[in-house]
Amino acid sequence: MDQDFYIEESSPIKVIITIIIFMALIAGGIYFYMDYKTKDNIKLKNVTVELGDKLSTDISTYITGNNIDTYSLDISNISVDEDGKTNSTGEYSYKIKKNGEVKKGKLYVKDTIKPSFKVEDLNVGVNEDFNPNDFLIKCEDLSLPCSVKFKKVKDLELNKEEGTYKTTIIISDAAGNEEVQDVNLIVSGEGTLAKKKASNLEFDHLSEEDTNWDKTYTLKLDKGINEESIEYNDAINLVSTKEYEFSKSITDKKILVIYNKYNYVIGFSVKVTFDDNSYIYITKDNATEKEITNEEEN
């Protein structure tokens, strides 16, 4: 019986059937492999880019699959500067195109880098108002503005008595990246901080962005003043109640307030625009002033 069973299992018909099945499996495998290779089978990636990094134009950064070089990439929706570097955080979309078919993927621009800064010890008078930002001399970051706070909120009351106090501040950018720094708060009998802020006459920023401003002053103050002060009201009134005469017609007049780094006002610049869309920033050298009196206003 054992011999008959062996002969039956080894019969030519079953051997042929086994070979056919085996060959079919190989053929099927080859078919599916070739089908996979010829199809694109692409998959879009969720891409994250650091703020300030150059945006990649390599399509492999955005998709995986076969024949990806037959697709075109559209990243025109992503905000970049003239050098192709990302300049604004947020969620964007990119497009992959082929034969009229468009697929959209997501790209995230994030700022994960801590700010670079410089601080100094702060001198204030007893009970003199101050802000933790006053410790900050310089802060460089792609996500401005930088802000400063005490690690311990109660340290805001260290100005109650004279002395030198070691405290810890936290410097952060607009994206929430933080750095911790130890500093000294020196409290003395005189109000030294206000004097320091008022004596700084170095330009830091304008009341509104104007990249064309040529650093000229219509009125330059001999000390910095607070916007809440009577001196500010007098100065802004002086600037705003002057008329300027030119050979061309004025279509718009704008007063730019000039600040130092402590947000103290150090001057004003009047910008006038003419009917031909040209403009100038007023100085005594380029305008004829006419004081507006109360009688003229009435």
Side-chain angles (χ1 to χ4, degrees), residues 120-139 144-150 155-162 185-246 250 252-273 279-298:
E120 64 180 354
D121 293 340
L122 186 63
N123 290 273
V124 301
V126 176
N127 292 320
E128 183 180 20
D129 291 336
F130 73 98
N131 188 292
N133 282 291
D134 294 327
F135 288 101
L136 195 62
I137 298 176
K138 179 176 68 174
C139 188
L144 294 174
C146 293
S147 61
V148 185
K149 64 181 180 181
F150 283 113
D155 286 356
L156 279 167
E157 300 179 0
L158 290 175
N159 62 342
K160 301 300 182 183
E161 295 182 4
E162 290 189 43
L185 178 67
I186 303 166
V187 182
S188 63
E190 298 181 1
T192 54
L193 181 59
K195 292 178 182 178
K196 177 181 179 181
K197 290 181 177 181
S199 64
N200 185 305
L201 297 177
E202 184 177 348
F203 164 75
D204 184 76
H205 61 282
L206 295 171
S207 54
E208 60 181 88
E209 185 176 355
D210 188 339
T211 56
N212 296 315
W213 184 58
D214 57 4
K215 305 297 171 99
T216 60
Y217 289 70
T218 304
L219 175 62
K220 189 169 186 178
L221 304 176
D222 55 8
K223 69 172 184 176
I225 58 177
N226 193 301
E227 283 182 309
E228 310 268 326
S229 66
I230 296 175
E231 291 96 331
Y232 175 81
N233 292 332
D234 292 341
I236 195 71
N237 184 61
L238 178 64
V239 173
S240 61
T241 57
K242 286 184 181 294
E243 284 190 345
Y244 304 94
E245 297 179 349
F246 298 92
I250 298 175
D252 185 55
K253 184 175 77 170
K254 184 180 296 183
I255 298 175
L256 300 174
V257 185
I258 306 165
Y259 298 91
N260 65 16
K261 68 178 182 178
Y262 300 110
N263 223 34
Y264 270 44
V265 178
I266 58 174
F268 303 87
S269 185
V270 178
K271 180 181 181 180
V272 295
T273 304
Y279 60 86
I280 63 170
Y281 298 91
I282 299 294
T283 67
K284 289 185 178 181
D285 296 329
N286 61 20
T288 301
E289 299 179 0
K290 182 178 70 173
E291 191 80 32
I292 302 176
T293 65
N294 291 332
E295 290 77 19
E296 289 174 321
E297 288 177 338
N298 296 329

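Computation of the quantities below employed the complete heavy-atom set of this structure, encompassing side-chain atoms and omitting hydrogens, waters and symmetry-equivalent molecules.
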Looking at residues at least two apart in the chain, or sitting in another chain, which of them share a side chain to side chain donor-acceptor pair (under 3.5 Å) with Asp121? Asn184
Checking side-chain hydrogen bond (donor to acceptor under 3.5 Å, both in side chains) between Tyr281 and each of Thr218, Asp210, Thr216, which is the one that passes? Asp210
Please determine whether the number of non-hydrogen atoms from other residues, nucleotides or ligands lying under 6.0 Å from atom NZ of Lys149 exceeds 12. no
Between atom CD1 of Ile266 and atom CD1 of Ile258, what is the distance when rounded to the nearest 0.5 Å? 6.5 Å
Are the side chains of Lys271 and Trp213 in touch, meaning some heavy atoms are under 4.5 Å apart? no
Are Asp234 and Ser229 packed together at the side-chain level, in the sense that at least one heavy-atom pair is separated by less than 4.5 angstrom? no
Step by step, would you call Val270 with Lys253 a side-chain contact (heavy atoms from CB on, under 4.5 Å)? CA-CA 7 Å; Val270 178; Lys253 184 175 77 170; 3.6 Å; yes
The complete set of side chain to side chain donor-acceptor pair (under 3.5 Å) pairs with one or both residues in residues 219-228, sequence neighbours excluded, reads Glu227-Tyr259
State whether the number of non-hydrogen atoms from other residues, nucleotides or ligands found under 6.0 Å of Ile230 atom CD1 is greater than 12. no
Give the intermediate values and the outcome of side-chain contact (heavy atoms from CB on, under 4.5 Å) for residues Ser240 and Ile255. CA-CA 8 Å; Ser240 61; Ile255 298 175; 3.8 Å; yes
Quick one: does Phe246's side chain get under 4.5 Å of Ile282's, heavy atoms only? yes
Taking side chain as C-beta onward, heavy atoms only, is Asn200 less than 4.5 Å from Tyr264? no
Can you label the angle between the Tyr232 ring and the Phe268 ring as parallel, tilted or perpendicular, going by 30° and 60°? tilted
If you measure from CG on Asn123 to CG on Leu193, what distance do you get to the nearest 0.5 Å? 8.5 Å
Note: Val239 and Leu219 closest approach over all heavy atoms is CG2-CD2, 3.7 Å
Could you tabulate the donor-acceptor pairs under 3.5 Å formed by side-chain atoms of residues 201-209, not counting sequence neighbours?
{"residue": "His205", "atom": "NE2", "partner": "Asn263", "partner atom": "OD1", "Å": "2.9"}
{"residue": "Ser207", "atom": "OG", "partner": "Val257", "partner atom": "N", "Å": "3.0"}
{"residue": "Glu208", "atom": "OE2", "partner": "Lys254", "partner atom": "NZ", "Å": "3.4"}

Looking only at heavy atoms, which two atoms of Val126 and Lys160 are closest? And how far apart? CG1-O, 3.4 Å
Hey, could you give me the CD1/CG distance between Ile225 and Asn260, rounded to the nearest 0.5 Å? 10.5 Å
Lys/Arg-Asp/Glu bridge criterion (N-O < 4.0 Å) met for Lys197, Glu128: no
